[in-house]
Visitor: 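Let me begin by handing over the structure; questions about it come next.
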Amino acid sequence: MHIWIVPCFLILLMQAGFALFETGLGRAKNAAHTMSMTLLAYALGVTAFWACGYALMCGGAGSRHHAVGSWGPFSDMPLLSTLFGARVGGHWWGLAGAKGFFLTGGIPGTADHDMLITGFLFMMLYMSVAATIPTGTMVERWRFKSFCIFTLLVGAVIFPLYGCWMWGGGWLAAMGKNAGIGHGALDYAGSSVVHLLGGTLALAGVLQLGPRVGKYDEDGNPRPIFGHNVPMVLLGTLLLAFAWFGFNTSHSFAAADGRAGVVAVNTALASVAGALAAALFMGMIYGKPDPSVMCNGMLAGLVASCAACAYVEPWAAFLIGAIAGILAAFCVLFLERRGIDDPVGAISVHGIGGLWGMIALGLFANGTFGHGTHAVDGPVRGLFYGDARQLLAQIIAAAVCIAWAFGAGSLVFLLIGVWLGSNRVPIEVEIAGLDIPEMGAPGYPEFTTPLAPEQVPLSQTMTPRRR
Amino acid sequence: MHIWIVPCFLILLMQAGFALFETGLGRAKNAAHTMSMTLLAYALGVTAFWACGYALMCGGAGSRHHAVGSWGPFSDMPLLSTLFGARVGGHWWGLAGAKGFFLTGGIPGTADHDMLITGFLFMMLYMSVAATIPTGTMVERWRFKSFCIFTLLVGAVIFPLYGCWMWGGGWLAAMGKNAGIGHGALDYAGSSVVHLLGGTLALAGVLQLGPRVGKYDEDGNPRPIFGHNVPMVLLGTLLLAFAWFGFNTSHSFAAADGRAGVVAVNTALASVAGALAAALFMGMIYGKPDPSVMCNGMLAGLVASCAACAYVEPWAAFLIGAIAGILAAFCVLFLERRGIDDPVGAISVHGIGGLWGMIALGLFANGTFGHGTHAVDGPVRGLFYGDARQLLAQIIAAAVCIAWAFGAGSLVFLLIGVWLGSNRVPIEVEIAGLDIPEMGAPGYPEFTTPLAPEQVPLSQTMTPRRR
Amino acid sequence: MHIWIVPCFLILLMQAGFALFETGLGRAKNAAHTMSMTLLAYALGVTAFWACGYALMCGGAGSRHHAVGSWGPFSDMPLLSTLFGARVGGHWWGLAGAKGFFLTGGIPGTADHDMLITGFLFMMLYMSVAATIPTGTMVERWRFKSFCIFTLLVGAVIFPLYGCWMWGGGWLAAMGKNAGIGHGALDYAGSSVVHLLGGTLALAGVLQLGPRVGKYDEDGNPRPIFGHNVPMVLLGTLLLAFAWFGFNTSHSFAAADGRAGVVAVNTALASVAGALAAALFMGMIYGKPDPSVMCNGMLAGLVASCAACAYVEPWAAFLIGAIAGILAAFCVLFLERRGIDDPVGAISVHGIGGLWGMIALGLFANGTFGHGTHAVDGPVRGLFYGDARQLLAQIIAAAVCIAWAFGAGSLVFLLIGVWLGSNRVPIEVEIAGLDIPEMGAPGYPEFTTPLAPEQVPLSQTMTPRRR
């Protein structure tokens, strides 16, 4: 009776988690704008995905899963012939589906049509997360209209095409069968499909958008801009950690693969390891755990857990999470010094964390799971368990994800900027705050904010103990 | 093993969503009062519903469902004889159940008793939402004692009686079988039972209570009073959008009707369409999307989706939601100009949205679903699919809902006012804020609020671009 | 397909609820510190429980459940021989498990190993709640390093050992079979295992830590220190009330005992009764319901419902909750006057509420449930249904819980204090707020807090009407 869709619902709660996380790390003068972007990333993304994206992504989904095994809602999807692609070297390499625009194309009330619709629920929720990630990096200066158009294109084209290649029966998934590269690229719950893609889009955007006014001094040294509401950041993180159980186990429930317990435990262990590793890292450098870095560490652990959570043992999940936490904490500092102003750390958390998650599957998969799911025949093993080719498949897929998201994202962002004149709000709007000029409503009309955060005395806070 | 009750749990999270939504749209000086009303609407409502309401609503539930088909927890409820009603024209028209006061009346530990108790969980959660809706409209001036008594009566009598007529085997549901009016009135997840009822109660109350001090100038023109915390409003909306998956699909899981996937997708599409339509509407009038109107649009889409979500196609759900969003945005402005001060827009969102949802079922139901559920035999079709009588049934039920809620609500509100002297706090309490005088605790003792919201410069915010 | 773990997920949301509840009841200057402690209680606790605690608690779990009946994930756990204990009077009394450190010890990919891992998910979430409770009582002055070490030991040893005695097949559970004391001690969802244990640890800690600076005047009379954000407190309470459905029903779903509906309804009735009783109690003493006391009443009702929720009728659950609410409201005031400064009321809510919950099972269990679950053969009856021995078993278990938690907690806290020099932050840090000195980041850098809460005029707030 479709009870497997209940954990999917949790993924929508991640919009609330991201909204809090991003808004809390921004300044009060932009709070209404940031919150609104997160809600609209869902609304615009779902609309575009319903109209177009889902057909591109899953309109040919039967083709992969028809071959071997089954995968949840798509296991018997009778849409085989609608996967467009090319025949190269005697093999079929799928590029894009083409059925189900506006969720039409079948006969309402039939089981096939119901499957088409239910599968949409599943995929649209993952899409929403990917569409939301760039809003965090470009917060506090992204023009509202530019954001709207960009998000529509992410939901309509950018997410769905890579999604097709990996989850919709496309060529990355077929690398194993067609070319003997492992079992083809695997991504259980979206380290690449959702997070690496979203993080790379964020990078593509911010390189064109530039840092916030006041982020760097005359010598180009970064200045701290405090998030206005740390409790909001931590609440967002806890909501995300909770909802991530749904994010990762939904794939298990959809496929009825019996791994939900293992997946949930690996998810939790990766998250706590990420938080502890990031806090220890900051403690060693600055003498104090930074709450927002700790949160980013937890999120990085969660992101990294997505790809591999069904394939690895608990100790490996813990290790994967810990490495992700340190990577995220380090990259936040590294990018900040390189002139990339990512107020929430989304490039580090989702981009680097997602990349590491893809690679981690290729290292730690222990061979006890995989046969009969995701069109895989035979156990999935990583490098440490004797299969270097699976690692290769993972690296190829991650490289393709980065290239596609960066290329398509940069081009789209550039064209939107040309069309609108600018992707960025005018400087006076940025200084005054985006809430009233862009959204028409102040975030906190009753709470005064007499000190600009730049004026808050920093002496006691984050003085490096050593470098 | 009762796993179907898990999505029901989500409905309780809607109390948190409403609490945030209503509090954020009010002023800081009333924050503790508004939050407390929402929590107590649950506590008082459930107590009254346990003592009395559930017996009135579902104490005769077997009678409808015994006839044809089945409906979840009540499908075999052996309480047929306890439905009070009247025999008119050779047919039995049920008015009220009369079994299960205080959840007693059966033998503990038996399957029947367990069914009685489990069904209570289901219904009490819907009741809570209905009981909470009026608190939003009457916020910032409703006297605490008046609220308590009113809520007890909503939970004990007002909600349950209409609920019986529609969901408990009563006369509105029997209109099809008894009088050939469609399949009787249908309301899959509560557009009328919960939302139209709650919105009408809000209207009945506010007409007696009047607008807040300072809402209108000497000429009777409305003045904007900003919500004190827009992030709170958006967080509440996102929690509601998430929890609504449970609100709407619970009926599917309870009845095991196989529509949960379609219901969830239709719910999501209606919500995003409502948000986008309301934002576009405001953008066209004022040049800027207003975050709180956008949120109200999303909620209106959700409200309108309740009745029809199992009966319509995705494109229709999107259209229903978009119309609901525009209706809500328009009605908020319309009512404000007519002297009805509804700070959160509950009359527009729940009242108008719920009314539209009932009618929408009578227009867009496509005939692919309905047979064998809710005592319906045969496909449910709306006007656009050839059955004008189903539309008639929907309109009758909506009219009855409005008449009952407005009549009973007005009378009860009037009597409480007579009993207590006034339903409204004294003017000096209203100006100072209700938190300390009514609840005994300030909402934010450490955050100063030096500017009254009336003093915030409005020049840049909501200047109409054209009218 | 493991769908029973979905309600377990909700337990993680309780960390978000506690974080909000505790932070809102503290002052703004400590907000980042309090939020961070709650997140880390999860991260540190899970790490310690994974490394060690789970093996101690459940490494011998098969032994109880093998005997009679079944209990969810542990029903067939083949780890019988690893329960350490002693043979006294011809009976085996288990003391600690010893299998599953770091979730190793079986063959990955087998059903046994999967069961081991899935059971960990279940237990780690309950552990997290217990580990979080002391942070509420010791908030605003607990040194961060001391908290970290204490939490590791709670997760590694203190929670697991009592957990083994009650849920892991240990001697408290065996009292029935071995010594004829009822059916052995029973605790369906953790009134003692989680809450009484956590509340007692909080008491042990705060007796050594002492009250906050400024809490008592020169004559030792308590002074009110307002929580800085009442909406945060109410949101936390609503999240907890929602998540508690998962907390209590998870045991039902895990065991497939068919009581989930009854459990959920009893949970809800106890919570609303607790809230109403506490609000009425405050209303009678002070003339006003205090929102935070009302919330504590609701939580106390929830805590008290845990042990008995599957064994009692709805009216009894309502009564249990109401008594818990009054007990909590009274104890908060009582302890405050005795020099115990518990800013969130955790000792009263979790300690007293948990104690009452254990006793309530021994009073109200009606004999309709219990046979075949938790290794019980025969119906479970409380004193009012003719079995005084079950009450005795409950009292023994509660006394053991208090003695163990107080003894072990006090000793550990003392040793940590000796090791670190002090468990408490320096007085200048406490006065300035812990956010920047301990965590390195201010909670709200943009919201001014010109008035210390001690300076807020109290005249209108909580003047006792009579005493």
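Since this is a predicted model, take the numbers as computed values, not measurements. Order of the sequence lines sets the chain letters (A, B, ...), proteins ahead of strands, with each chain counted from 1.
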Visitor: Please confirm whether the ring centroid of B/F102 lies under 6.0 Å from the ring centroid of C/F318.
Guide: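 No, too far apart.
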
Visitor: With chain B, which of C/V263, C/V265, C/T249, C/N366 has the greatest number of heavy-atom pairs at distances under 4.5 Å?
Guide: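 Max contact count across the listed options: C/V265.
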
Visitor: State, to 0.1 Å, how close C/P291 and B/A32 come at their nearest heavy-atom pair, and which atoms those are.
Guide: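 Taking every non-hydrogen atom into account, CG-CB, 4.4 Å.
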
Visitor: With respect to chain C, which residue among B/L10, B/T23, B/L239, B/T104 yields the maximal number of heavy-atom pairs within a distance under 4.5 Å?
Guide: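 Looking at each option in turn, the highest pair count goes to B/L10.
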
Visitor: Work out which heavy atom in B/A441 is nearest to a heavy atom in C/D290; give both atom names and the distance.
Guide: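 Between these two residues, the closest heavy atoms are CB-OD2, 4.2 Å.
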
Visitor: What option among B/T47, B/L39, B/D114 has the most heavy-atom pairs under 4.5 Å with chain C?
Guide: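 Most heavy-atom pairs within the cutoff with chain C belong to B/L39.
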
Visitor: Taking it one step at a time, do B/M14 and C/F242 satisfy side chain to side chain contact (heavy atoms under 4.5 Å, CB included)?
Guide: CA-CA 9 Å; B/M14 292 174 70; C/F242 162 58; over 6 Å; no

Visitor: Any non-hydrogen side-chain atom of C/W315 less than 4.5 Å from a side-chain atom of B/L103?
Guide: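 C/W315 vs B/L103: side chains apart.
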
Visitor: Hey, which of B/P108, B/G109, B/A31 has the most heavy atom pairs under 4.5 Å with chain C?
Guide: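 Looking at each of B/P108, B/G109, B/A31 in turn, B/P108 comes out on top.
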
Visitor: Nearest 0.5 Å, please: how far is NE2 in B/H2 from CZ in C/R259?
Guide: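 Here the interatomic distance stands at 9.0 Å.
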
Visitor: Go through the atoms of C/M232 and report whether side chain, backbone, both or neither lie under 4.5 Å from a heavy atom of chain B.
Guide: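 Neither part.
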
Visitor: For C/A268, is it the side chain, the backbone, both, or neither that has a heavy atom closer than 4.5 Å to a heavy atom of chain B?
Guide: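 Contact with chain B: backbone and side chain both.
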
Visitor: Any chance you could measure C/L269, atom CG, to B/I117, atom CD1, to the nearest 0.5 Å?
Guide: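 Going from CG on C/L269 over to CD1 on B/I117, the span is 9.0 Å.
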
Visitor: So do B/F120 and C/P314 actually touch side chain to side chain, heavy atoms under 4.5 Å?
Guide: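 Not touching, per the 4.5 Å side-chain cut-off.
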
Visitor: Could you walk me through whether C/V6 and B/I3 pass the side chain to side chain contact (heavy atoms under 4.5 Å, CB included) test, one step at a time?
Guide: CA-CA 9 Å; C/V6 173; B/I3 194 76; 5.8 Å; no

Visitor: To the nearest 0.5 Å, how far apart are CE in B/M35 and CG in C/L238?
Guide: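 Atom-to-atom, B/M35:CE and C/L238:CG are 6.0 Å apart.
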
Visitor: Counting heavy-atom pairs closer than 4.5 Å to chain C, which one of B/T34, B/L20, B/I11 comes out on top?
Guide: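 Maximum pair count with chain C is reached by B/L20.
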
Visitor: Over all heavy atoms of both residues, which pair between B/P437 and C/K288 is shortest? Give the atoms and the distance, please.
Guide: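 Scanning both residues completely, I find the closest heavy atoms to be O-CE, 3.1 Å.
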
Visitor: Given that the side chain runs from C-beta out, which part of C/T237 has a heavy atom under 4.5 Å from chain B: side chain, backbone, both or neither?
Guide: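 Contact with chain B involves the side chain of C/T237 alone.
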
Visitor: How far apart are the C-alpha atoms of C/R27 and B/E446, what are their side-chain angles, what is the distance that settles it, and do they pass the side chain to side chain contact (heavy atoms under 4.5 Å, CB included) test?
Guide: CA-CA 8 Å; C/R27 283 162 292 181; B/E446 297 187 50; 3.2 Å; yes

Visitor: Looking at every heavy atom in both B/A16 and C/L235, which two are closest together, and how far apart are they?
Guide: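 The pair with the smallest heavy-atom distance is CB-CD1, 3.9 Å.
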
Visitor: Examine whether an atom of B/I5 lies under 4.5 Å from a heavy atom of chain C, and if so say whether it belongs to the side chain, the backbone or both; otherwise answer neither.
Guide: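 For B/I5, the contact with chain C is made by the side chain alone.
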
Visitor: Any side-chain heavy atom of B/T38 within less than 4.5 Å of one from C/L234?
Guide: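 SC-SC contact between B/T38 and C/L234 ruled out.
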
Visitor: Quick one, B/Y42 with C/S271, criterion side chain to side chain contact (heavy atoms under 4.5 Å, CB included). Give me CA distance, side-chain angles, the key distance, then yes/no.
Guide: CA-CA 10 Å; B/Y42 172 65; C/S271 74; 4.2 Å; yes

Visitor: Do the rings of C/H228 and B/F447 sit parallel, tilted or perpendicular, given the 30° and 60° boundaries?
Guide: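 Correct class here is perpendicular.
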
Visitor: With a 4.5 angstrom heavy-atom cut-off, is it the side chain or the backbone of C/F245 that approaches chain B, or both, or neither?
Guide: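 Both backbone and side chain.
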
